[in-house]
Protein chains: 2
Amino acid sequence: MINVLIADDHQMFIDGIRALLQDIPGIKVVGEACNGKEAIIHCRENQVDIVIMDVNMPEMDGVEATKELFKTNKKLKVLGLSMHRDRHFISDMLKSGANGYILKNTGKKDLLDAIYSLYKGETYVSEEVNKILLASFLKDSSKYEVKERLSERESEVLDCIAIGLTTLEIGEKLFISKNTVETHRKNLLYKLKAKNTAELVNNAYKRGLIN
Amino acid sequence: MINVLIADDHQMFIDGIRALLQDIPGIKVVGEACNGKEAIIHCRENQVDIVIMDVNMPEMDGVEATKELFKTNKKLKVLGLSMHRDRHFISDMLKSGANGYILKNTGKKDLLDAIYSLYKGETYVSEEVNKILLASFLKDSSKYEVKERLSERESEVLDCIAIGLTTLEIGEKLFISKNTVETHRKNLLYKLKAKNTAELVNNAYKRGLIN
DNA sequence: AATTCAATCCCTGAAAACAGGGATATTGAT
DNA sequence: ATCAATATCCCTGTTTTCAGGGATTGAATT
């Protein structure tokens, strides 16, 4: 019996996957979580083999939760899951130790294939995910793939930029000089490879850095 | 027997809802669609009572599809559905004729309640949706709720802004003067109530105007 | 002990965006 | 026929962003 935990912030999605797996012999949904923290607590207290982990969640996202989970439980398998086909989700998740990755726009079959593969100890990524990863390799290799994660402060500044505050206003709000905000803005543009604030917000959304 | 069509661009979500409704006596999932156009075609060719319609879809979104559906079939019921709790999705959808609305982060129970209510000819919005609508009423009433839909050209300009193009670059790309682009940008800022491009992109995302 | 990272602060000049006017042509609806 | 909406174009002056340097501090890691 494969014990599965579903971690996603959309209850209806959880209910759906639950119903879908319900009829599959050999698989049992032993719990659910609506954010990363809940998932970790659940995995500590119960016997879980595979976590189906959404990347974008409030409180603690899938990437952080996965890192945390592997610190204590090496045998656990994590299947990454996201809506958007952005390569950063995928690579972040796999780098954090996830054993597989599928997109929400793939169907039931891929999900089951992934679960069985992971349980056997294999790595599984769906065909589409494979294409995305391959394309990303061919394009710019790994030399630019380091500066990605934002610091606490940078995230705050990013949020302020997104709601339309100017550099000066952000400084006032966060009690720092506008020059400091400028520096953070500069680093954000660099890290998210954006030419200006508009693209910055756009890229932030695509990578799930906002909401 | 209630004949249900599911329209969502995420196959896994469709599969999940399908599995969830499968066990419910009196409800039958008679088809699925991954965008608005497919949904319309399906409703023409088959007997459908209720369409579970995601708001954000490629090709043709839920709002347009709903309008189109009611032109030919008055008896049809449409249940709007979205991830984000933005009031614009909800009001746009209900104005287009949708008979109900629920969020994806509500569970199985709300979905079933909604389906049964709609089938009886009632309108259904989940408790959370109700709160959002109420709060929106209390805040600014309907006086600002007119200038919302973007023109074809404005959408094009918006997309260009989001990918980081400057006014001049957009003008060159669309073969129009930079002054014209300025005007469109101005109108976009007004329509989306944004103070600058960063907030513009942010609001556009929240209202599903991008992707 | 040395190093890296995050956070803070500072400056200048060029480029872009924003606010605010104003104007014309076309189309589709009333 | 008139009106509203859309798309097009133009100008000026101010504000903000962006690119490009620079620097210091403290905390955590090696």
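Proteins come first, then strands; the chains are lettered A, B, ... in the order of their sequence lines, and each starts at number 1.
Here B/D15 pairs with A/L20, A/K108, B/Q11 under the side chain to side chain contact (heavy atoms under 4.5 Å, CB included) rule; sequence neighbours left out. Take A/E182 and apply the side chain to side chain contact (heavy atoms under 4.5 Å, CB included) test, not counting sequence neighbours, and it matches A/T167, A/R185. Taking the salt bridge (charged side-chain N to carboxylate O under 4.0 Å, His left out) definition, one finds that A/K195 meets it with A/E199, sequence neighbours left out. B/A198 is linked by a side chain to side chain contact (heavy atoms under 4.5 Å, CB included) to A/I161, A/T197, A/V201, B/N196, counting only residues two or more places apart in sequence or in another chain. Under the rule for a side chain to side chain donor-acceptor pair (under 3.5 Å), the partners of A/S177 that lie at least two apart in sequence or sit in another chain are A/N179.
Rounded to whole Å, atom P of D/dC9 lies 14 Å from atom CG of B/N187. For A/R153 and D/dA27, the CZ to P distance is 16 Å, given to the nearest whole Å. Following rounding to the nearest Å, A/K191 (NZ) and C/dC5 (P) show an atom-to-atom distance of 10 Å. Atom pair B/H184:NE2 and D/dA5:P shows a separation of 16 Å (rounding to whole Å applied). Following rounding to the nearest Å, A/F175 (CZ) and C/dA7 (P) show an atom-to-atom distance of 17 Å.
Taking all atoms of both residues into account, the shortest heavy-atom contact from B/I170 to B/C160 is CG1-CB, 3.5 Å. Between A/D8 and A/F13, the shortest heavy-atom distance links the atoms OD2-CD2, 3.3 Å.
Rounding to the nearest 0.5 Å gives a distance of 12.0 Å between NE2 of A/H84 and CD1 of A/I132. Atom CG of B/L150 sits about 10.5 Å away from atom CD of B/E152, to the nearest 0.5 Å.
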Are there any protein N/O atoms within less than 3.5 Å of an N/O atom in nucleotides 28-30 of chain C, and if so, which ones and at what distance?
none

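Residue pairs meeting the salt bridge (Lys or Arg N to Asp or Glu O under 4.0 Å) criterion with at least one member in residues 157-166 of chain A: none, sequence neighbours excluded.
Five base pairs at each end of the helix from C/dA1-D/dT30 to C/dT30-D/dA1 define two local axes, and these are offset by 60° (rounded to 10°).
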Contacts under 3.5 angstrom, residues 42-50 of chain B side chains, donor-acceptor by atom type, not counting sequence neighbours:
from, atom 1, to, atom 2, distance (Å)
B/Q47, NE2, B/D49, OD1, 3.2
B/D49, OD2, B/N3, N, 2.7

Show every donor-acceptor pair shorter than 3.5 Å between a side-chain atom in residues 119-128 of chain B and any protein atom, with sequence neighbours excluded, or say none if there are none.
from, atom 1, to, atom 2, distance (Å)
B/E128, OE2, B/R85, NH1, 2.1
B/E128, OE2, B/R85, NH2, 3.2

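Base engagement by B/T180 is indicated by at least one non-hydrogen atom pair under 4.0 Å involving a base atom.
Taken residue by residue, residues 199-206 of chain A places no heavy atom nearer than 4.0 Å to DNA chain D.
Considering only side-chain atoms of B/N179, the nucleotide from D/dC10, C/dC10, D/dA7 that sits closest is D/dC10.
Of the possible polar contacts, none joining the B/D9 side chain to the B/C34 backbone as a donor-acceptor pair under 3.5 Å is found.
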**OP:** For each nucleotide in nucleotides 14-27 of chain C, reading 5' to 3', give B when a protein heavy atom comes within less than 4.0 Å of its base, S when such contact involves only the sugar-phosphate, and - otherwise.
**Re:** --SSBSBB------

